[in-house]
Amino acid sequence: MTATHEDTMRSSVGDPGAGKRGMNLTLRVWRQQGPTVKGKMVTYKVTDISPDMSFLEMLDVLNEQLILQGDDPVAFDHDCREGICGMCGVVINGMAHGPQQTTTCQLHMRSFKDGDTIDVEPWRATAFPIIKDLAVDRRALDRIIQAGGYISVPTGTAPEAHATPVPKKDADNAFDAATCIGCGACVAACPNASSMLFTAAKVTHLGLLPQGQPERNDRVVNMVAQQDREGFGGCTNIGECSAACPKGISMETISRLNHDLLGALRAGARPKS
């Protein structure tokens, strides 16, 4: 048989599509219809998954497959899908957000291998009750912020930007703490389900700036008290929180919170009842 021109070109330069195929994966996903219903792990197969997909895009593929089969799609939290909002978050193979220190939406399937079995579970903490499947209620973090994560701002004309000088070291540390996106990975990664890294980031951010000084003592005692009321565990400085944090917030913020808390208690500050 005479080779065609196309055959000749393919053999000389190589077929761009040759050897390329998607990944075939086995997913073990936590399914739970509601907070009062008993859940279980359910196994699914997904095929031809591009290594360039994000983990959430892979879950989208699974959900399209389930819908076509007449099954209920998997519920999971997501919003911006750009690693900014902190909405997404699942435990992947026992690790908050998965094997890379990033948000779940920015975790790509090239972090896994063809044929892998992947366990996907929700954040597990008493303070994060399950809504459905992988979606949990993280409003406890909002209530911690409401307890003291604010400053007093007088009305009137905004002050000139350089009217209140801030030392560069303080500004840099405040900015590092302010990068917290409230995803809850620190809680999910902590064996005690502690939210101390989250609370410390919010306390540190405002406590290092001049604008945050008027409420400094009340802020720390009220936010820590609210954290305890929400049912988060105590911090034992294990360090899993910082290791899982997609923004790499340091445990040094926890030291700052403890310093502020002791100082506030000695000054007579007491949490609101």
(request) State, yes or no, whether a side-chain contact exists between S111 and P99 at a heavy-atom distance under 4.5 Å. (result) yes
(request) Could you walk me through whether Q226 and R229 pass side-chain hydrogen bond (donor to acceptor under 3.5 Å, both in side chains), step by step? (result) CA-CA 5 Å; Q226 185 63 38; R229 282 193 288 266; 3.0 Å; yes
(message) Just verifying a value: how many Å separate T199 OG1 and L141 CG, rounded to the nearest 0.5 Å?
(response) 7.5 Å
(message) In the structure I gave you, are the side-chain heavy atoms of I249 and T253 within less than 4.5 Å of one another anywhere?
(response) yes
(message) Between E230 and T126, is there a side-chain heavy-atom distance shorter than 4.5 Å?
(response) no
(request) Starting from F175, walk the hydrophobic network (Ile, Leu, Val, Met, Phe, Trp, Tyr; side-chain heavy atoms closer than 4.5 Å) and list everyone else you reach, by chain and number. (result) none
(message) List the residues meeting side chain to side chain donor-acceptor pair (under 3.5 Å) with N217, not counting sequence neighbours, and say none if there are none.
(response) none
(message) Quick test of your reading: applying salt bridge (charged side-chain N to carboxylate O under 4.0 Å, His left out), list the pairs with at least one residue in residues 242-255, sequence neighbours left out, ordered by first then second residue.
(response) E252-R256
(message) Quick one: does any side-chain atom of N258 pair with a main-chain N or O of S255 as donor and acceptor, under 3.5 Å?
(response) no
(request) Only counting residues at least two apart or in another chain, list the ones meeting side chain to side chain donor-acceptor pair (under 3.5 Å) with D114. (result) R21
(request) Determine, stepwise, if the pair C88 / D77 fulfils side chain to side chain contact (heavy atoms under 4.5 Å, CB included). (result) CA-CA 5 Å; C88 66; D77 292 318; 5.6 Å; no
(request) Measure from the side-chain N and O atoms of D48 to the backbone N and O of G22, and report whether any donor-acceptor pair falls under 3.5 Å. (result) yes
(message) Distance check, rounded to the nearest 0.5 Å: L62 atom CG versus F76 atom CZ?
(response) 9.0 Å
(request) Could you check if a side-chain atom of V220 sits within less than 4.5 angstrom of a side-chain atom of L257, using non-hydrogen atoms only? (result) yes
(message) Contact between L107 and H97 at the side-chain level, heavy atoms closer than 4.5 Å - yes or no?
(response) no
(request) Please tell me if the side chains of R81 and E57 come closer than 4.5 Å, counting only heavy atoms from C-beta onward. (result) yes
(request) Grab the two heavy atoms, one from F128 and one from G184, that are nearest each other, plus how far apart they are. (result) CE1-O, 4.0 Å
(message) I need the Q69 CD to E64 CD distance, nearest 0.5 Å.
(response) 12.0 Å
(message) Is there a path of hydrophobic side-chain contacts, each under 4.5 Å between heavy atoms of I/L/V/M/F/W/Y residues, joining L56 to M23?
(response) yes
(message) I need the full list of salt bridge (charged side-chain N to carboxylate O under 4.0 Å, His left out) pairs touching residues 207-218, with sequence neighbours left out, sorted by first then second residue.
(response) E215-R219, R216-D260
(message) So which atom in A96 and which in A188 form the shortest heavy-atom distance, rounded to 0.1 Å?
(response) CB-CB, 4.2 Å
(message) Which Ile, Leu, Val, Met, Phe, Trp or Tyr residues join V166 in one cluster when any pair of side-chain heavy atoms under 4.5 Å counts as a link?
(response) L209
(message) Looking at every heavy atom in both H78 and M87, which two are closest together, and how far apart are they?
(response) C-CB, 4.0 Å
(request) Check the pair F232, S194 against side chain to side chain contact (heavy atoms under 4.5 Å, CB included), reporting the backbone distance first and the verdict last. (result) CA-CA 5 Å; F232 291 104; S194 172; 5.5 Å; no
(message) Closer than 3.5 angstrom, by distance alone: can the side chain of Q101 be matched with the main-chain N or O of S242 as a donor-acceptor pair?
(response) yes
(request) Could you list the residues that satisfy side chain to side chain donor-acceptor pair (under 3.5 Å) with T36, not counting sequence neighbours? (result) none
(request) Provide the full list of salt bridge (charged side-chain N to carboxylate O under 4.0 Å, His left out) pairs with a residue in residues 28-39, sequence neighbours left out, each pair given once. (result) R28-D119, R31-D72, R31-D133
(request) Check the hydrophobic clustering (I, L, V, M, F, W, Y; side-chain heavy atoms under 4.5 Å; chains of links allowed) and say if L134 and F112 are grouped together. (result) yes
(message) Test of understanding: clusters of I, L, V, M, F, W, Y form through side-chain heavy atoms closer than 4.5 Å, transitively. Do I118 and V74 belong to the same one?
(response) yes
(request) Output every pair passing salt bridge (charged side-chain N to carboxylate O under 4.0 Å, His left out) with a member in residues 175-203, not counting sequence neighbours, ordered by first then second residue. (result) none
(message) Under the rule for side-chain contact (heavy atoms from CB on, under 4.5 Å), what residues qualify as partners of T236, not counting sequence neighbours?
(response) N192, I238
(message) With a 3.5 Å distance limit and no angle check, can you tell me whether E121 reaches the backbone of V90 through a side-chain donor-acceptor pair?
(response) no
(message) Donor-acceptor check, side chain of R138 to backbone of C183, threshold 3.5 angstrom: yes or no?
(response) yes
(message) With a 4.5 Å cut-off on side-chain heavy-atom distances among I, L, V, M, F, W and Y, is there a chain of contacts connecting L261 to M251?
(response) yes
(request) Taking atom CZ of R139 as the centre, report whether more than 12 heavy atoms of other residues, nucleotides or ligands fall under 6.0 Å from it. (result) no
(message) Restricting to side-chain contact (heavy atoms from CB on, under 4.5 Å), what partner residues turn up for V61, sequence neighbours left out?
(response) I49, M53
(request) Evaluate the side chain to side chain contact (heavy atoms under 4.5 Å, CB included) criterion for residues V203 and F198: first the C-alpha distance (whole Å), next the side-chain angles of each, then the deciding distance (0.1 Å), finally the verdict. (result) CA-CA 9 Å; V203 167; F198 166 83; over 6 Å; no
(message) Rounded at 0.5 Å granularity, tell me how far NZ in K45 sits from OG1 in T26.
(response) 3.0 Å
(message) Could you go through L197 and I254, starting from their C-alpha distance and side-chain angles, then the distance that decides it, and tell me whether this counts as side chain to side chain contact (heavy atoms under 4.5 Å, CB included)?
(response) CA-CA 6 Å; L197 189 70; I254 298 178; 4.2 Å; yes
(request) Please name the pair of heavy atoms, one in T103 and one in G83, separated by the smallest distance, quoted to 0.1 Å. (result) OG1-CA, 3.4 Å
(request) Could you pull out the closest heavy-atom pair between W123 and G89, with the gap in Å? (result) CZ2-CA, 3.4 Å
(message) In this structure, would W30 and I131 fall into the same cluster of hydrophobic residues linked by side-chain contacts under 4.5 Å?
(response) no
(request) Measure the CG-OH distance between L27 and Y44 for me, rounded to the nearest 0.5 Å. (result) 9.5 Å
(message) Can you list everything that forms a side chain to side chain donor-acceptor pair (under 3.5 Å) with Y150? Sequence neighbours excluded, please.
(response) none
(request) Check whether any side-chain heavy atom of V42 lies under 4.5 Å from a side-chain heavy atom of V29, and answer yes or no. (result) no
(message) Please give me the minimum heavy-atom distance between L25 and K113, naming the atom from each residue.
(response) CD2-O, 3.4 Å
(request) Check whether any side-chain heavy atom of F55 lies under 4.5 Å from a side-chain heavy atom of C105, and answer yes or no. (result) no
(message) Nearest 0.5 Å, please: how far is CZ in R110 from OG in S54?
(response) 10.0 Å
